[in-house]
Amino acid sequence: MNVVVSGGGRGFGRTIARRFAAQGATVVVTARDLAAAQRTRDELPGAHALRCDLTDPASVRHCADEVGELLGHVDVLVNNGAGFLAQSQADDDAIVRTILSGTAGTVLMTENFLPLLRRSERPDVVTIVSLEAESRSDPAHVAHAAFHAAKAGQGRYAEIMSQRLRPEGIRMISLYPPDFDNDDNAPRDGVLTAQSVADCVVFAVNQPRDCFIRSFHFEPVS
């Protein structure tokens, strides 16, 4: 299995890259900061690290071309990379970067990797959205409204493409978690952990091809 993980230099991207590598997958880790991607790569047997700036169409195209040369096809694309924006960080440039990385970045990654996914016998696109994309998210959350908007656009794109790509056998799987603990060793005793979110991803992509799981919606911690 060939897997590409955007935003794989830290947090959940690193967790899901580790999980797929542990299953024997060949993993390509991408990040805007190449050094961060390389640190994850160095933990994984046979992995690759590439720079990919989700706010730059040329960077995304170049990344897809590099993956094509390395692997020939992609079985799983994990759209994980997206910038967070807190209220305190909300200057104009940060707002634009947040919306571009979250919404446009997901569109660009999916569109540019579709030719490689179409070469696979089991193509899946997994998008890590957020509970903040939904109206039931916490209005008092520390995230800037631009982050909510970026996540909503990301989720809507994935929903539309799920319908459009299904006739081709390409599954679009979206996850809507609340804030979760990114510590790989966190106990699973009530607060959602990265390991549990990763379990959902692995479960979905390992289902037979007649099983199209469109999304996972998590309950927020009360």
Item to check | L131 vs F218, side chain to side chain contact (heavy atoms under 4.5 Å, CB included): CA-CA, chis, key distance, verdict | outcome: CA-CA 8 Å; L131 184 66; F218 298 76; over 6 Å; no
Checklist entry - Under the side chain to side chain contact (heavy atoms under 4.5 Å, CB included) criterion, do F216 and S174 qualify, and how do the steps go? => result CA-CA 6 Å; F216 291 84; S174 300; over 6 Å; no
Next on the checklist: Does V5 form a side chain to side chain contact (heavy atoms under 4.5 Å, CB included) with V28? I'd like the steps, not just the answer.
Outcome noted: CA-CA 6 Å; V5 180; V28 177; over 6 Å; no
Checklist entry - After noting the C-alpha distance and the side-chain angles of T110 and Y157, does the key distance pass the side chain to side chain contact (heavy atoms under 4.5 Å, CB included) rule? => result CA-CA 10 Å; T110 304; Y157 171 78; 3.5 Å; yes
Checklist entry - Do R209 and D124 pass the salt bridge (charged side-chain N to carboxylate O under 4.0 Å, His left out) test, and can you show the C-alpha distance, the side-chain angles, and the key distance before you say yes or no? => result CA-CA 10 Å; R209 301 310 297 181; D124 289 315; 3.3 Å; yes
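Between the side chains of T106 and N79, not a single donor N or O lies within less than 3.5 Å of an accepting N or O.
Side chain of R119 to main chain of G72: a donor-acceptor pair is present (N/O by atom type, distance under 3.5 Å, no hydrogens or angles). Using modelled atom types, one side-chain atom of H148 and one backbone atom of E132 make a donor-acceptor pair closer than 3.5 Å. Between the side chain of Q23 and the main chain of R19, no donor-acceptor pair closer than 3.5 Å is present. Judged by distance alone, the side chain of N80 and the main-chain N or O of S6 form a donor-acceptor pair under 3.5 Å. Although no hydrogens or angles enter the test, the distance criterion places a donor-acceptor pair under 3.5 Å between the side chain of D75 and the main chain of N2. Of the possible donor and acceptor atoms, none in the side chain of K151 sits under 3.5 Å from a partner among the backbone N and O of S130. A side-chain donor-acceptor contact under 3.5 Å links R171 to the backbone of V205.
With values rounded to the nearest 0.5 angstrom, D181 atom CG is found 9.0 Å from L192 atom CG. I128 contributes atom CD1, which lies 9.5 Å from atom SG of C200 (distance to the nearest 0.5 angstrom). Interatomic distance, H73 NE2 to M1 CE, rounded to the nearest 0.5 Å: 9.5 Å.
A 4.5 Å side-chain heavy-atom check between R166 and I170 finds every atom pair outside the cut-off. Counting heavy atoms from C-beta on, the side chains of I173 and S215 never come closer than 4.5 Å. Looking at F20 and V78, their side chains come closer than 4.5 Å, going by heavy atoms from C-beta outward. The shortest side-chain heavy-atom distance between L108 and L54 does not fall under the 4.5 Å cut-off. In this structure, E111 and M161 have side chains that are in contact, with non-hydrogen atoms separated by less than 4.5 Å. Between F203 and I213, some side-chain heavy-atom pair lies under the 4.5 Å cut-off. The shortest distance between side-chain heavy atoms of L50 and V67 falls below 4.5 Å. Looking at heavy atoms from C-beta onward, P123 lies out of side-chain contact with E168 at the 4.5 angstrom threshold.
Residue G9 comes nearest to A31 through the heavy atom pair N-CB, 4.2 Å, listed as atom of the first residue, atom of the second, then distance. Taking each heavy atom of R51 and S59 in turn, the nearest pair found is NH1-OG, 3.8 Å. Between A37 and V29, the closest heavy-atom pair is CB-O, 3.8 Å. Listed here is the closest heavy atom pair of A64 and L116: O-CD1, 3.6 Å.
Salt-bridge check for E159 with R214: failed, with every basic side-chain N at 4.0 Å or more from each acidic carboxylate O. The pair D33-R10 does not meet the salt-bridge criterion, since no charged nitrogen lies less than 4.0 angstrom from a carboxylate oxygen.
Looking at residues two or more places apart in sequence or on another chain, you find a side-chain contact (heavy atoms from CB on, under 4.5 Å) between T55 and D53, L100, S101.
Within a 6.0 Å sphere centred on CZ of R32, heavy atoms belonging to other residues, nucleotides or ligands number 12 at most. In H48, the NE2 atom is crowded: over 12 heavy atoms of neighbouring residues, nucleotides or ligands sit closer than 6.0 Å. Counting non-hydrogen atoms of neighbouring residues, nucleotides and ligands closer than 6.0 angstrom, the CG atom of D92 reaches no more than 12 such neighbours.
Under the side-chain contact (heavy atoms from CB on, under 4.5 Å) test applied with V76, the options L117, V27, V3 reduce to a single match, V3.
Hydrophobic clustering (ILVMFWY, side-chain heavy atoms < 4.5 Å, transitive): V60 and V74 are in one cluster. Under the 4.5 Å side-chain heavy-atom criterion for grouping Ile, Leu, Val, Met, Phe, Trp and Tyr, V201 is not connected to V4 through any hydrophobic cluster. Grouping the Ile, Leu, Val, Met, Phe, Trp and Tyr side chains by contacts below 4.5 angstrom, directly or via other members, places L114 with L71. In the hydrophobic clustering of this structure, M172 does not group with V126; members are Ile, Leu, Val, Met, Phe, Trp, Tyr whose side-chain heavy atoms approach within less than 4.5 Å, directly or through other members.
Classified by interplanar angle (parallel below 30°, tilted 30° to 60°, perpendicular above 60°), the ring pair F12/F180 is perpendicular.
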